[in-house]
Peer 1: 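Here you go, one structure.
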Amino acid sequence: MMEYLHSLNPRQREAVEYGDGPLLILAGAGSGKTRVISCRIAHLIQARGVAPERILGVTFTNKAAGQMKERVAGLLGGNTESGPLLSTFHSFCVRVLRRHIERLGYTKAFAIYDEDDQLRAVKACLEDLGLSDGPVTPRAALSRISYAKNRGLSPESLYSQAVDGAGEKIATIFERYEQKLRQANALDFDDLLIKTVALFDQAPEVAQSYNHRIEYLLVDEYQDTNRLQNRLIRLLTELHRNLCVVGDEDQSIYSWRGAEVENILRFEKDFPGTRIIRLEQNYRSTQAILDAASAVVSRNLARLGKQLRAVRDAGRRIGLYEGWDAEEEAAFVAGEIKGALARDSTSSAAVLYRTNAQSRAFEEALRREAIDYRLVGGFSFYARAEIRDVLSYARLAGNLSDSVALFRILNVPPRGLGDVTAKAVAARARGRGQCAWQAIAEMIAGDSGGLSTRALHGLTRFSHLVNSLARERELLTPREFIRHILEASGYLEMLRAERSPEADERLENLRELVNAAAEAEDRGESLAEFLDHAALVSDADGYDERARVTLMTLHSAKGLEFDLVFLAGLEEGVFPHRLSRDDPAGLEEERRLCYVGMTRARDRLTMTWVRHRRAFAQEGAEEGRPSRFLSEVPAELVEPLSALAQPAKARTVWAGAVNSVDGLERALTARRKSGSSRSFSSGQSATRLDGNPRWRRGVRVRHAKYGIGTILQCEGAGEDTKLTVSFPGYGEKKLMEKYATLEKI
DNA sequence: TTTAATGGGTTTTTT
DNA sequence: ACCCATTAAA
């Protein structure tokens with residue numbers, strides 16, 4: 001019983017055993033924060049006899065919630081049946097709202113709009129208002145709207161704050177957007193928080209019942225909470241005031257989404273009598289990694305400042321690699337990972353980058369080296385068009401006023417309801433203040449408003465389909481229902497008829513969706529719960545701990561750790577990102593992001609940058625400069641990994657052979673073996689003597705017809721060498737060396 | 001109405 | 001490079 005206490009250091013133990021009242025745990029990177037929260041929960045249950053259902057733990061991602069569930073269950077001896085409620089802010093809110101939202105004039109079948117739905121809604125608003133061709137893009141409008149909503153601003157207050165016509169326009173769009181969602185019986189992500197807070201404000205007895213129920217509230221990553229979340233937390237803890245929050249102001253990286261570090265800085269004032277515990281012992285990283293990361297983040301002014309102490313020894317210095325372009329960078333990283341996995345197949349590696357667009361080169365390089373990897377984020381399963389289409393049918397069947405879902409599938413599969421009809425439906429709905437479904441119903445009933453018989457026929461078919469789906473929804477299990485949609489809508493038929501590889505892939509994805517529904521069903525979930533889950537899974541939740549190699553953005557990496565970490569693309573404009581460059585606060589956030597990335601590494605950290613990165617695939621951009629963050633790492637902690645001193649001209653001759661570390665090693669080994677003291681300039685023949693071909697993977701070549709390409713594969717030797725070369729614009733070409741005139745560049 | 005072709009604008013990070 | 005909206009052709 002309670003052996004876990006002995007594995008904790010004194011500070012951690014204090015945090016676990018601390019009694020009632022507000023508790024703030026300032027946990028530096030790698031200080032065992034997840035462990036402390038899990039132990040605290042287990043301790044509350046086991047040592048202090050708190051009923052599990054009276055504990056609520058809140059995290060930001062489903063993944064984090066899941067991890068915590070596992071750990072707590074482990075501590076409690078594998079009992080997962082009646083654990084405490086561990087959930088994300090958003091899932092918690094959905095739970096509450098599904099029960100009580102009628103108080104706010106919505107129905108319990110409300111839809112959840114994710115970013116794609118939101119964007120469609122905003123687009124529709126722009127159309128309603130006749131602003132479609134104006135200067136305001138839907139994306140820009142949405143980002144302003146979300147910003148306002150996160151800060152609790154209403155359309156009216158936005159309007160009164162507007163300093164120019166553009167600001168007033170945004171406010172008008174905002175107002176329309178709110179109407180639209182209300183009419184669709186839909187909530188966006190921000191609304192989930194807003195409406196829960198509103199519910200607690202307007203229905204004190206509901207707030208009270210949750211206050212009674214939740215005796216202990218624990219919040220992870222408190223530095224990333226926004227105003228609404230903070231408000232919610234306060235509303236939930238008014239009665240017991242047993243609030244434990246864990247956070248690290250140096251890891252606050254979501255202020256662009258409304259997170260306010262002030263929440264953590266102000267915590268003591270908000271909750272008088274707070275006990276503060278600092279965890280500054282780092283168990284994760286080597287001293288070198290920690291020193292480097294601390295040196296970087298210490299340049300920030302807006303921080304409380306803390307001193308992390310490493311438990312581990314110095315370790316290797318930070319690797320610094322300079323490459324020619326993104327392909328070379330990726331080839332280098334893939335090579336390093338290959339080497340590391342060859343030495344120890346159990347080690348874990350991550351490639352972290354600032355923007356999702358950077359993942360491509362790494363994917364290609366890893367595939368070339370036949371290294372298994374897991375890509376987190378980017379394009380998630382539930383974001384695929386076919387998945388969204390089918391889920392839209394399911395959504396609409398349960399909530400007929402969900403007009404975004406309706407327009408999404410109105411003509412998918414094609415049923416003769418094109419743009420013209422869609423516009424007519426939208427116009428009618430707009431004119432009468434109805435939702436699209438009502439408008440369609442009236443048009444079918446006779447008030448066709450000058451539609452073609454063809455369109456009317458299509459609308460009738462559509463209406464019958466949705467009506468029958470709405471009935472089936474009540475009768476079928478989730479799995480059956482999804483299957484039924486696929487058949488009844490004609491979606492399967494449409495894809496089968498297409499007979500293309502893409503269509504096959506989509507069919508495969510839909511099969512996967514049916515599986516997911518079946519799994520949910522086996523877990524005892526209803527269709528509504530399955531849909532909620534689908535709406536709230538995030539990209540970061542795709543992270544698989546068993547994967548040896550993971551590719552993801554720095555943001556998704558928060559909270560994770562790896563033996564090897566590669567921080568890629570450390571160039572001015574990329575990281576720090578150009579859009580944050582002129583804003584001191586934005587710059588500090590970028591620096592914190594760098595800190596987060598660096599501190600993910602346990603044993604080895606390598607930072608890379610390249611001189612020639614294509615923005616928007618445009619060639620001939622000016623040379624990139626190394627990120628300022630690189631120069632903020634003390635020189636004595638850095639181990640250069642490339643022939644940095646080589647001028648670009650010399651590099652050209654040597655492309656591929658000496659550019660990368662393994663190329664350099666190869667060349668050196670070759671020299672040693674042959675006992676020759678040949679200079680580098682005759683290295684080409686030196687490598688040939690060693691049986692090392694002139695053409696290697698990754699070498700860039702020029703072809704008379706196809707232009708510049710990169711060698712993907714070499715087969716055979718000498719004159720008979722067969723090369724697979726990838727040429728941008730022409731794809732992969734197989735060439736014989738003796739026929740193709742290839743020039744090494 | 002649908003499909004294929006063309007041209008212009010655009011990407012930070014995500015619950 | 002990619003996504004999109006518009007345009008021309010079927």
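Reminder, nothing fancy here: chain letters follow the sequence lines and each chain counts from 1. Keep in mind the model is a prediction, meaning the values are calculated, not measured.
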Peer 1: Write down the distance between CG (A/L119) and P (B/dT11), rounded to a whole number of angstrom.
Peer 2: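 Interatomic distance, CG of A/L119 to P of B/dT11: 10 Å.
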Peer 1: With A/L375, which of A/L551, A/L366, A/T550 fulfils side chain to side chain contact (heavy atoms under 4.5 Å, CB included)?
Peer 2: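 Exactly one option meets the side chain to side chain contact (heavy atoms under 4.5 Å, CB included) with A/L375, and it is A/L551.
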Peer 1: Take the protein atom CG of A/L593 and the nucleotide atom C1' of B/dT14, then report the distance between them rounded to whole Å.
Peer 2: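 The distance from CG of A/L593 to C1' of B/dT14 comes to 13 Å, rounded to the nearest Å.
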Peer 1: Tell me which nucleotide among C/dA5, B/dT11, B/dT1 gets nearest to the side chain of A/K123.
Peer 2: C/dA5
Peer 1: Tell me: CG of A/L560 to P of B/dT14, nearest whole Å?
Peer 2: 13 Å
Peer 1: Scan A/N411 against the nucleic acid and name what it touches under 4.0 Å (heavy atoms): base, sugar-phosphate only, or nothing.
Peer 2: sugar-phosphate
Peer 1: Does the side chain of A/R360 get closer than 4.0 angstrom to OP1 or OP2 of C/dC2 through an N or O atom?
Peer 2: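 For C/dC2, OP1 or OP2 has a side-chain N or O of A/R360 closer than 4.0 Å.
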Peer 1: Out of B/dT1, B/dT15, B/dT14, which nucleotide sits closest to the side chain of A/T553?
Peer 2: B/dT14
Peer 1: When the nearest nucleotide of DNA chain B is assigned to A/L193 and to A/R415 on a heavy-atom basis, which residue is associated with the more 5' position?
Peer 2: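 Between the two, 5'-proximity favours A/R415.
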Peer 1: Given atom CD of A/Q358 and atom C1' of C/dC2, what is their separation to the nearest angstrom?
Peer 2: 16 Å
Peer 1: When all nucleic acid strands are considered with a 4.0 Å heavy-atom cut-off, which category describes A/F60: base, sugar-phosphate, or nothing?
Peer 2: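 Sugar-phosphate contact only - A/F60 comes under 4.0 Å of backbone atoms but never of a base.
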Peer 1: Is A/N226 close enough to B/dT15 that one of its side-chain N or O atoms is under 4.0 Å from OP1 or OP2 there?
Peer 2: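 No, no such contact exists.
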Peer 1: Just how far, in rounded Å, is P of B/dT15 from CD1 of A/I253?
Peer 2: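 In whole Å, B/dT15 P lies 11 Å from A/I253 CD1.
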Peer 1: Does OP1 or OP2 of B/dT13 have a side-chain N or O of A/S556 closer than 4.0 Å?
Peer 2: no
Peer 1: Report the nucleotide, chosen from B/dT11, B/dT14, B/dT1, that has the shortest atom-to-atom distance to any side-chain atom of A/L579.
Peer 2: B/dT11
Peer 1: Is it true that A/N230 and A/T225 share a donor-acceptor pair across their side chains at a distance under 3.5 Å?
Peer 2: no
Peer 1: Take atom P in B/dT13 and the same atom in C/dC4, then report the distance between them in whole Å.
Peer 2: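 Nearest-Å result for B/dT13 against C/dC4 at atom P: 15 Å.
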Peer 1: From the options B/dT11, C/dA5, B/dT13, select the nucleotide whose nearest atom is closest to the side chain of A/R139.
Peer 2: B/dT11
Peer 1: Using the benzene-type ring in the case of Trp, are the ring centres of A/F60 and A/H90 under 6.0 Å apart?
Peer 2: no
Peer 1: Regarding A/T137, tell me which of base, sugar-phosphate or nothing describes its non-hydrogen contacts under 4.0 Å with the strands shown.
Peer 2: nothing
Peer 1: Take the protein atom CD of A/Q118 and the nucleotide atom C1' of B/dT15, then report the distance between them rounded to whole Å.
Peer 2: 11 Å
Peer 1: Can A/E632 and A/R591 be counted as an ion pair, charged N to O under 4.0 angstrom?
Peer 2: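 Salt bridge: yes.
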Peer 1: Can the ring centres of A/H555 and A/W256 be said to be less than 6.0 Å apart?
Peer 2: yes
Peer 1: Separation of A/L192 atom CG from B/dT15 atom C1', in whole Å?
Peer 2: 9 Å
Peer 1: Ring centres within less than 5.5 Å and planes less than 30° apart: is that true of A/W256 and B/dT13 in this structure?
Peer 2: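 Answer is yes, a stack.
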Peer 1: Between A/D402 and A/Y113, do the side chains contain a donor N or O and an acceptor N or O under 3.5 Å apart?
Peer 2: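 The answer is yes; a qualifying pair exists.
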Peer 1: Would you mind telling me which of B/dT1, B/dT11, B/dT2 lies closest to the side-chain atoms of A/A357?
Peer 2: B/dT11
Peer 1: For A/H555 and B/dT13, what is the distance between atoms NE2 and C1' respectively, to the nearest whole Å?
Peer 2: 4 Å
